[in-house]
Amino acid sequence: MYLKGKIWRRRKRIALLLVVVTLTGIVPAAPEPLIVSATSAPSTQEQIDQAEQEREDLKNQQERNKKTLNGLKGVQNDLKENLEELNAQLNEVVQNLENLEQQIGDKEQEIADTQVALAEAIDMEEWQYICMVMRTRAMYEYREEDYLSELLSAGSLAEALNMADYIEKIAASDKKLMDDYQANRMLIEEHKANLQQEKIELDNLKVLAEAEKSKVSGLISQASNSLTATAEQIEEAERKAKEYEEEIKKKEEDLDYLRRKLAEEIALSQAAANATWRDISEVKFADGDRYLLANLIYCEAGNQPYAGQLAVGAVVINRVLSSKFPDTVVGVIYQNKQFSPAGSGRLQLALAANKATSNCYKAADEAMAGVTNVGNCLFFRTPIDGLTGIVIGGHVFY
């Protein structure tokens with residue numbers, strides 16, 4: 001009598017719960033489930049596959065970043081060598097400019113000295129000319145008879161000849177000096193002209209050297225800017241490399257966790273399969289169990305063939321029969337972290353609108369009658385490597 005009363009009170013609570021669900025769409029909140037279907041959250045293996053793909057993507061990005069970094073370092077080395085060559089070239093140009101400026105200064109001094117020498121030569125030439133003119137005028141201003149008188153008054157022929165030779169030598173000496181002064185002036189003028197031409201050439205070389213200096217300075221500025229930009233790019237690439245290393249390390253840690261989690265899930269499945277089982281005849285279903293199970297089947301396998309829908313229903317009933325799980329349909333479906341629709345709100349929406357199809361209800365009825373096409377399987381998910389079981393549609397049952 002006590003047992004019957006207990007069962008009646010349990011059925012009453014379940015019936016009231018389903019009424020509330022139907023009228024308000026509110027169901028007890030459940031944490032994120034462990035079992036995953038094609039329409040629910042990713043399975044552990046899918047998370048592993050996704051994490052491995054993300055890790056590979058990170059490694060590929062890391063490798064590309066490494067190649068970029070190596071390329072940038074190569075460019076940096078080339079820029080440094082180019083900058084050293086340009087600095088050496090600039091030093092050479094600057095030295096050449098200093099030499100040219102020194103030569104131009106020396107040439108200007110030579111031109112100034114030559115100008116002084118030329119002025120002195122012109123003065124000497126003019127003075128010699130004046131002296132020669134005066135002597136010549138003095139000699140030819142004597143009358144011819146006076147000149148003959150002088151010659152005749154000589155004491156001897158030799159004296160007369162000496163006198164005539166003396167006068168002739170004076171004239172010849174004057175002429176030679178005049179010729180010498182003129183030749184010296186011409187040499188000085190020619191030297192001055194050469195110096196001025198050389199200065200013009202030096203000035204032109206200086207202009208070219210200044211242009212070369214400006215050009216090399218511009219190249220140095222460009223190389224320096226490029227070197228600075230490359231250094232910044234290298235710094236950014238090294239920062240990314242560090243980030244990739246940290247992300248890959250974190251991804252490896254996530255993968256280790258997910259692999260351990262998957263191993264625990266498989267171990268749990270195997271342990272549950274070896275648990276104590278009740279017979280279907282021992283189960284007393286509540287009035288709302290069919291409605292709840294049909295809508296869960298819709299959420300988990302609504303897009304699957306009927307065999308897949310029946311298999312989902314069989315898994316729920318197998319759990320009710322297993323001593324490792326709750327002994328009611330409600331308890332099994334809302335168990336913590338088991339069925340994702342119960343935790344995500346999808347089941348709540350399906351219950352509120354009664355989304356279950358006729359096939360979903362048919363599958364619920366057969367499962368509750370003890371029909372199973374997956375044996376004693378207690379779990380299902382999308383197929384994964386390393387997990388064997390019964391594959392129906394898009395699920396593997398194990």
Original post:
Do Asn82 and Leu219 pass the side chain to side chain contact (heavy atoms under 4.5 Å, CB included) test, and can you show the C-alpha distance, the side-chain angles, and the key distance before you say yes or no?
Top reply: CA-CA 10 Å; Asn82 185 39; Leu219 291 174; over 6 Å; no
Original post:
How close do Gly375 and Thr372 get, heavy atom to heavy atom, and via which atoms?
Top reply: O-OG1, 3.0 Å
Original post:
Among side-chain atoms of Asn96 and Glu92, is any donor-acceptor pair under 3.5 angstrom?
Top reply: no
Subject >> Cation-aromatic face contact Arg346/Tyr298, 6.0 Å, 45 degrees >> reply: no
**OP:** Kindly indicate whether the side chain of Asn359, heavy atoms from C-beta on, has any atom under 4.5 Å from the side chain of Tyr361.
**Re:** no
**OP:** Could you tell me whether a side-chain N or O of Asn65 sits under 3.5 Å from a main-chain N or O of Gln61, the two making a donor and an acceptor?
**Re:** no
Original post:
How about Leu378 and Phe325: do any of their side-chain heavy atoms sit closer than 4.5 Å?
Top reply: yes
Subject >> Considering all heavy atoms, the nearest Ile104-Lys206 contact >> reply: CD1-CD, 3.9 Å
Subject >> Side chain Tyr291, main chain Leu351, donor-acceptor under 3.5 Å >> reply: yes
Original post:
In terms of ring plane angle, is the pair His395 and Phe380 parallel, tilted or perpendicular, where the classes change at 30° and 60°?
Top reply: perpendicular
**OP:** Answer whether the closest heavy-atom distance between the side chains of Lys362 and Gln309 falls below 4.5 Å.
**Re:** no
Original post:
Have Glu56 and Asn60 got a donor and an acceptor in their side chains that come within less than 3.5 Å?
Top reply: no
Original post:
Does the side chain to side chain contact (heavy atoms under 4.5 Å, CB included) test come out yes or no for Glu120 and Val116, once each step is laid out?
Top reply: CA-CA 6 Å; Glu120 292 176 353; Val116 173; 3.8 Å; yes
**OP:** To the nearest 0.5 angstrom, please state how far the CD1 atom of Ile297 sits from the OG1 atom of Thr357.
**Re:** 9.0 Å
**OP:** Evaluate side chain to side chain donor-acceptor pair (under 3.5 Å) for Asp49 paired with Gln53, printing each intermediate quantity in order.
**Re:** CA-CA 6 Å; Asp49 294 340; Gln53 183 60 52; over 6 Å; no
Original post:
When rounded to the nearest 0.5 angstrom, what is the spacing between NZ in Lys251 and CD in Gln50?
Top reply: 7.5 Å
Original post:
Any side-chain heavy atom of Ile188 sitting closer than 4.5 Å to one from Ile122?
Top reply: no
Subject >> Closest non-hydrogen atom pair between Gln335 and Pro326, with its separation >> reply: OE1-CD, 3.4 Å
Original post:
Under a 4.5 Å cut-off applied to non-hydrogen side-chain atoms, are Asn373 and Ile392 in contact?
Top reply: yes
**OP:** Sequence neighbours left out, what pairs pass salt bridge (Lys or Arg N to Asp or Glu O under 4.0 Å) with at least one residue falling in residues 60-69?
**Re:** none
**OP:** Test side chain to side chain contact (heavy atoms under 4.5 Å, CB included) on Lys213 and Ser217 and set out the steps.
**Re:** CA-CA 6 Å; Lys213 178 184 177 182; Ser217 297; 4.1 Å; yes
**OP:** Quick one: closest heavy-atom pair of Gly313 and Leu293, and the distance?
**Re:** CA-CD1, 4.2 Å
Original post:
Are Leu195 and Leu100 co-members of a hydrophobic cluster defined by side-chain heavy atoms under 4.5 Å apart?
Top reply: no
**OP:** Give, for atom CG of Asn77 and atom CG of Leu72, the distance between the pair rounded to the nearest 0.5 Å.
**Re:** 11.0 Å
Original post:
Sub-3.5 Å donor-acceptor pair from the side chain of Thr114 to the main-chain atoms of Glu110, do we have one?
Top reply: yes
Original post:
Looking only at heavy atoms, which two atoms of Ala314 and Val374 are closest? And how far apart?
Top reply: CB-CG2, 3.9 Å
Subject >> Residue Gln196 excluded, over 12 heavy atoms near CD under 6.0 Å >> reply: yes
Subject >> Within one Ile-Leu-Val-Met-Phe-Trp-Tyr cluster: Ile220 and Val75, side-chain cutoff 4.5 Å >> reply: yes
**OP:** Measure the spacing between CG of Leu347 and CG of Leu292 and express it to the nearest 0.5 Å.
**Re:** 6.0 Å
Original post:
Which is it for Lys250 and Glu54 under the salt bridge (charged side-chain N to carboxylate O under 4.0 Å, His left out) test, yes or no, and what are the steps along the way?
Top reply: CA-CA 11 Å; Lys250 178 63 169 58; Glu54 291 173 353; over 6 Å; no
Original post:
Do Val332 and Val283 belong together in a cluster built from hydrophobic side chains that touch within less than 4.5 Å?
Top reply: yes
Original post:
Quick one: which of Glu212, Lys215, Glu84 gives a side-chain hydrogen bond (donor to acceptor under 3.5 Å, both in side chains) with Gln89?
Top reply: Glu212
Original post:
When rounded to the nearest 0.5 angstrom, what distance separates CZ in Arg55 from CG in Leu58?
Top reply: 10.0 Å
**OP:** Kindly say whether Asp327 contributes a backbone atom to a donor-acceptor pair with the side chain of Arg319 at under 3.5 angstrom?
**Re:** no
Original post:
Step by step, would you call Glu238 with Lys73 a side chain to side chain contact (heavy atoms under 4.5 Å, CB included)?
Top reply: CA-CA 11 Å; Glu238 289 176 340; Lys73 287 184 177 179; 3.9 Å; yes
Subject >> Nearest heavy atoms of Cys377 and Asn318, plus distance in Å >> reply: O-ND2, 2.8 Å
Original post:
With a 4.5 Å limit on heavy-atom distance, are the side chains of Glu300 and Pro341 in contact?
Top reply: yes
Subject >> Pairing residues for Asp203 by the salt bridge (Lys or Arg N to Asp or Glu O under 4.0 Å) criterion, not counting sequence neighbours >> reply: Lys199
Subject >> Salt-bridge present (Lys242, Glu245; N to O < 4.0 Å) >> reply: no
**OP:** Measure the shortest side-chain to side-chain distance between Asn376 and Trp277 over non-hydrogen atoms and say whether it is less than 4.5 angstrom.
**Re:** yes
**OP:** Report whether Leu83 and Val94 are members of the same hydrophobic cluster (ILVMFWY, side-chain heavy atoms less than 4.5 Å apart, transitive linking).
**Re:** yes
Original post:
Do Asp256 and Arg260 sit within salt-bridge range, that is, some charged N less than 4.0 Å from a carboxylate O?
Top reply: no
Original post:
Would you say Asn295 and Cys360 make side-chain contact, with heavy atoms under 4.5 Å?
Top reply: no
Subject >> Selection residues 218-235 - residue pairs positive for side-chain hydrogen bond (donor to acceptor under 3.5 Å, both in side chains), sequence neighbours left out >> reply: none
Original post:
When rounded to the nearest 0.5 angstrom, what distance separates CZ in Phe397 from CD1 in Ile390?
Top reply: 8.5 Å
Subject >> Evaluation steps, side chain to side chain donor-acceptor pair (under 3.5 Å), between Asn194 and Glu198 >> reply: CA-CA 6 Å; Asn194 290 336; Glu198 290 174 1; over 6 Å; no
Original post:
Going by an N to O cut-off under 4.0 Å, is there a salt bridge joining Lys59 and Glu247?
Top reply: no
**OP:** Is it possible for you to say whether Val391 and Leu310 belong to one hydrophobic cluster, with membership spreading through side-chain heavy-atom contacts below 4.5 Å?
**Re:** no
